Amino acid sequence: MTGPLHDLRATLDAALADLGLPAPKSAPSLEAPRQADHGDVATNAAMLVAKAAGRQPREVAQELADALAARLGPALASAEVAGPGFLNLRLADAWYIEALGTVLAAGDSWGGGGADPVRRINLEFVSANPTGPIHVGGTRNAAYGDALGRILSFQGHAVHREFYVNDYGSQVRRLGESVQARARGQEPPEGGYLGAYVTELAAQIEGAADLPVDEVAQLAVELMVAQAQESLARFHVIFDRWFSERDLHEGSPTPVEHAFDVLEQQGRTFREDGALWLRTTEFGDDKDRVLERSSGEHTYFASDIAYHQEKRERGFDLLIDVWGADHHGYVPRMHAAYRALGGGADELELLIMQFVHLVEGGERGKMSKRAGEFVTLDDLVGDIGVDAARWFLLARSHDTTIDLDLDLARQQSSENPVFYVQYAHARIASVLRKAGPELVAQALAAGDVAPSEGLHPGERALLRRVAELPDEVREAAERRAPHRIASYALETAQLFSAFYRDCQVVGAEPQAEAFRLRLAVAAQRALASALDLLGISAPQEM
RNA sequence: GCGCCCGUAGCUCAGUGGAUAGAGCGCUCGCCUCCGGAGCGAGAGGUCGCAAGUUCGAAUCUUGCCGGGCGCGCCA
């Protein structure tokens, strides 16, 4: 990955090497300081290096300043030592102007690429039981998994998206029994499914009252899966594969039997009390787990192991599963099982999504799944729309529970952050329309132009943020943290608004107009990319 | 009891070793002869749950406590 900031970091590393001191243990910071009067970028490099060298940090910082001045030449306006040994750098307009050229040259791909090495990743998410509609928890999982997939793909990884369909076992039979009961005008049995959708399924399945219950169950599951596919597609979430759990129990040997063979060859299984066990405690689990009950039936865990073995054999470098918080207790045994199969500890990543509470009128809504009253993906999207739903589900870290304020999400004004970001994008489009395609094309071809009076601080700040996109994408990818992209989009929109307020674009003196049109295009692309990574639309007008 | 996640402004949350801790909402006060006012600006508001420790430096790392959520089946 290249870019102006990447180049600056490389220069910093080189300047540090010039000093002939031992390399720092951790990478030096290179960030915009909070205080504007601390310059454009600041680094703690001298403090990190000075300790190991037994030198005074401020002294080392001054030597580093000299080395950087020599390497950067006119691109560096000033370098000052501050505080305990920070080095505050002020970059010349020339640096910014060249940076803008680099950003624009990358076109729509600015911020992307950089995957090294490129990995083949299987990303499994949602995987909601097909015994009911997808609810808000599954919706968060869908938004998160999809955005993570978009980010990893943007970086250049080969991402395969998969939904594991639990269409096998006792719960499916229970769904069939519930549907059949409704078809007969009866209440579902104890422990059955109570939602209104069960009655709808009964009406959709011809002969549901009289068909064998297993057949009713299969038809019901097929309808539920089709419904999930439609809902997710409307939510802009598309999977490469819907993997059927049933397939793990077919063939000879079945994938489950095959997985058992693998585990046995690895010497990880044993029989006790008539059951087949997996010694997961060898890999850090609290207790060993049953694979095959004394009754001869396989556990759900057995299916899951077989599924992961199957994914392994398809040749991925990395398996990522996105699970709901209610399954987090299951993480240690799955990791243990994967290693028992012979897999590497770093080949399987299990990510846990925390819960979502919907808030309306300042109160948390009650979502009792047992009573069959819960807010579904379709309900949420119908209420606040795809873009707002995705924004509010993605703007927070996946490992914190969130309260989603429906009143705020519904607002079509700048009080709503997603609207604010989209508005900034549309406003840039409006400015570019005002300028007209010819003027914009000329500006893009103009090369290193700049306002004759020098750059405005608002121009520097916006450009700086646009230049940071690759770093933000990399951080979001490495930390599996799409919410960073949402923060980035909001900040970039704010910086554009400030720039727009302070700097007249269309009608400014020709040099300034050309530079500002170039900057507007770059900012628009950065906003569009950020929104696209979140699966949110970037409108030309609103 | 054990395990995982969380505790930062009135509310919802960013911030995984750097300087005076940020944003959105809410609240108060301003701004329409000016490229989109569906907008913009300013302000008030904080013992970063508590206490020790590591460090030149801790919201961030360690340990212990307190509080909240979730999970601990030969269920799926």
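Hydrogens, waters and symmetry mates are skipped; everything else that's a heavy atom, side chains included, is used. Order of the sequence lines fixes the chain letters, A, B, ..., with proteins taken first and strands second; residue numbering starts at 1 for each chain. All figures in this text were calculated on a predicted structure; none of them were measured in a lab.
Base pairing of rG17(B) is not made with any nucleotide, judged by Watson-Crick or G-U wobble geometry with both donor-acceptor distances under 3.5 Å. The pairing partner recorded for rC4(B) is rG69(B), the criterion being a Watson-Crick or G-U wobble arrangement whose two distances lie under 3.5 angstrom. The pairing partner recorded for rA44(B) is none, the criterion being a Watson-Crick or G-U wobble arrangement whose two distances lie under 3.5 angstrom. Nucleotide rC75(B) forms no Watson-Crick or G-U wobble pair with any nucleotide shown, as no partner meets the under 3.5 Å limit on both distances. With a 3.5 Å ceiling on both atom-pair distances, rG37(B) lacks any Watson-Crick or G-U wobble partner. In this entry rC61(B) has rG53(B) as its Watson-Crick or G-U wobble partner, both defining distances falling under 3.5 Å.
Contacts of Phe392(A) with the nucleic acid, taken as non-hydrogen atoms under 4.0 Å apart, are absent. At the heavy-atom level, Ser170(A) lies under 4.0 Å from the strands shown only through sugar-phosphate atoms. When heavy atoms are screened at a 4.0 angstrom cut-off, Ala435(A) is found touching no nucleic acid atom at all. Residue Ser295(A) is out of contact with every strand shown, counting any heavy-atom pair closer than 4.0 Å. Ala42(A) comes within 4.0 angstrom of a base, heavy atoms only. Note on Ala275(A): a base of the nucleic acid sits closer than 4.0 angstrom, heavy atoms only. Using a 4.0 Å heavy-atom criterion, one finds that Arg479(A) contacts the bases of the nucleic acid, with or without backbone contacts as well. Nucleic acid contact for His327(A): base, since at least one base atom lies under 4.0 Å from a heavy atom of the residue. Nucleic acid contact class of Gln171(A) (heavy atoms, under 4.0 Å, all strands): sugar-phosphate only. Residue Asp286(A) is out of contact with every strand shown, counting any heavy-atom pair closer than 4.0 Å.
Closest to the Val506(A) side chain, of the nucleotides rC70(B), rC35(B), rC74(B), is rC35(B). Among the nucleotides rC74(B), rG36(B), rA38(B), the one closest to the side chain of Phe419(A) is rA38(B). Among the nucleotides rA38(B), rG3(B), rC5(B), the one closest to any side-chain atom of Tyr423(A) is rA38(B). Proximity note for Asn44(A) (side chain, C-beta onward) versus rG15(B), rC74(B), rG18(B): the nearest is rG18(B). Distance from the side chain of Tyr330(A) is smallest for rA76(B) among the nucleotides rG36(B), rA76(B), rA38(B). Side-chain proximity of Ala82(A) to the nucleotides rA19(B), rC25(B), rC35(B) is greatest for rA19(B). When distances run from any side-chain atom of Asn88(A) to the nucleotides rA19(B), rC70(B), rG36(B), the shortest one goes to rA19(B).
Here His38(A) packs flat against the base of rA19(B); its ring centre is closer than 5.5 angstrom to the base's six-membered ring, tilted by less than 30 degrees. We find that the ring of Phe355(A) and the base of rG69(B) do not stack by the test of centres under 5.5 angstrom and planes tilted less than 30°.
Between Arg427(A) and rG37(B), a side-chain N or O to OP1/OP2 separation shorter than 4.0 Å is present. The side chain of His298(A) contributes no N or O atom lying less than 4.0 Å from OP1 or OP2 of rC74(B). Contact between the side-chain N/O atoms of Lys51(A) and the OP1/OP2 oxygens of rG17(B) is not found at any separation under 4.0 Å. In this model, the phosphate group of rC75(B) is approached by a side-chain N or O of Arg293(A) to a distance below 4.0 Å at OP1 or OP2. Contact check, Lys434(A) against rG36(B): no side-chain N or O comes under 4.0 Å of OP1 or OP2.
The separation between Trp391(A) atom CH2 and rA14(B) atom P is 13 Å, rounded to whole Å. Atom C1' of nucleotide rC5(B) and atom NE2 of His357(A) are separated by 13 Å, given to the nearest angstrom.
Going from the P atom of rG17(B) to that of rA44(B) covers 30 Å, rounded to whole Å. On the C1' atoms, rU8(B) is 8 Å away from rG46(B), given to the nearest whole Å. A distance of about 22 Å separates the P atoms of rG10(B) and rC6(B), rounded to the whole Å. Nucleotides rG57(B) and rC61(B) are separated by 13 Å at their C1' atoms, to the nearest Å. Rounded to a whole angstrom, the distance from the C1' atom of rA23(B) to that of rC32(B) is 27 Å. One P atom belongs to rG49(B), the other to rG15(B), and the distance between them is 15 Å to the nearest Å. Atom P of rA59(B) sits at a distance of 38 Å from the matching atom of rG30(B), rounded to the whole Å. Between rG22(B) and rG43(B), the distance separating the two P atoms is 13 Å to the nearest Å.
The glycosidic torsion of rC32(B) lies within 90° of 0, which places this base in the syn conformation.
Heavy-atom minimum distance, Ala486(A) versus Ala395(A): CB-CA, 3.9 Å. Annotation for Thr280(A) and Arg333(A): closest pair CG2-O, 4.2 Å, computed over non-hydrogen atoms. Closest approach of Leu348(A) and Tyr338(A) over heavy atoms only: CD2-CB, 3.7 Å. Residues Pro84(A) and Pro57(A) approach most closely at O-CB, 3.3 Å, considering heavy atoms.
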Inset, instruction - Could you go through the side-chain hydrogen bond (donor to acceptor under 3.5 Å, both in side chains) check for Asp387(A) and Gln422(A) one step at a time? - result: CA-CA 10 Å; Asp387(A) 289 341; Gln422(A) 291 179 312; 3.0 Å; yes
Legend entry - Arg433(A)/Gln540(A) under side-chain hydrogen bond (donor to acceptor under 3.5 Å, both in side chains): CA gap, chis, key distance, verdict: CA-CA 10 Å; Arg433(A) 278 195 301 272; Gln540(A) 295 295 315; 4.6 Å; no
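The main-chain N or O of Ala443(A) is found under 3.5 Å from a side-chain atom of Arg518(A) such that the two form a donor-acceptor pair. Asp273(A) places no side-chain N or O within 3.5 Å of a backbone atom of Ala275(A) that could act as its donor or acceptor partner.
Separation of the Phe260(A) and His298(A) ring centroids falls under the 6.0 Å cut-off. Tyr164(A) and Tyr307(A) have their aromatic ring centers within a separation under 6.0 angstrom. Here His335(A) and Phe283(A) keep their ring centres 6.0 angstrom or further from each other.
Salt bridge absent: Glu63(A) and Arg58(A) never bring a charged side-chain N and a carboxylate O closer than 4.0 Å. A salt bridge does not link Arg464(A) with Asp40(A): every distance from a Lys NZ or Arg NE/NH1/NH2 to an Asp or Glu carboxylate oxygen is 4.0 Å or more.
Taking 3.5 Å as the limit, the base of rC74(B) and the side chain of Ser294(A) contain a donor-acceptor pair of atoms between them. Residue side chain Asp326(A) does not reach the base of rG71(B) through any donor-acceptor N/O pair under 3.5 Å, judged by distance alone. In this model, no side-chain donor or acceptor of His328(A) finds a partner on the base of rC5(B) within 3.5 Å.
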Quick test: give all pairs of protein nitrogen or oxygen and nucleotides 6-12 of chain B nitrogen or oxygen below 3.5 Å, distance rounded to 0.1 Å.
from: rU12(B); atom 1: O2; to: Arg396(A); atom 2: NH2; distance (Å): 3.3

Atom pairs, protein N/O to nucleotides 41-45 of chain B N/O, distance under 3.5 Å:
from: rG41(B); atom 1: OP1; to: Arg501(A); atom 2: NH1; distance (Å): 3.1

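Both the sub-6.0 Å distance and the 45° axial angle are satisfied by Arg279(A) relative to the ring of Phe270(A).
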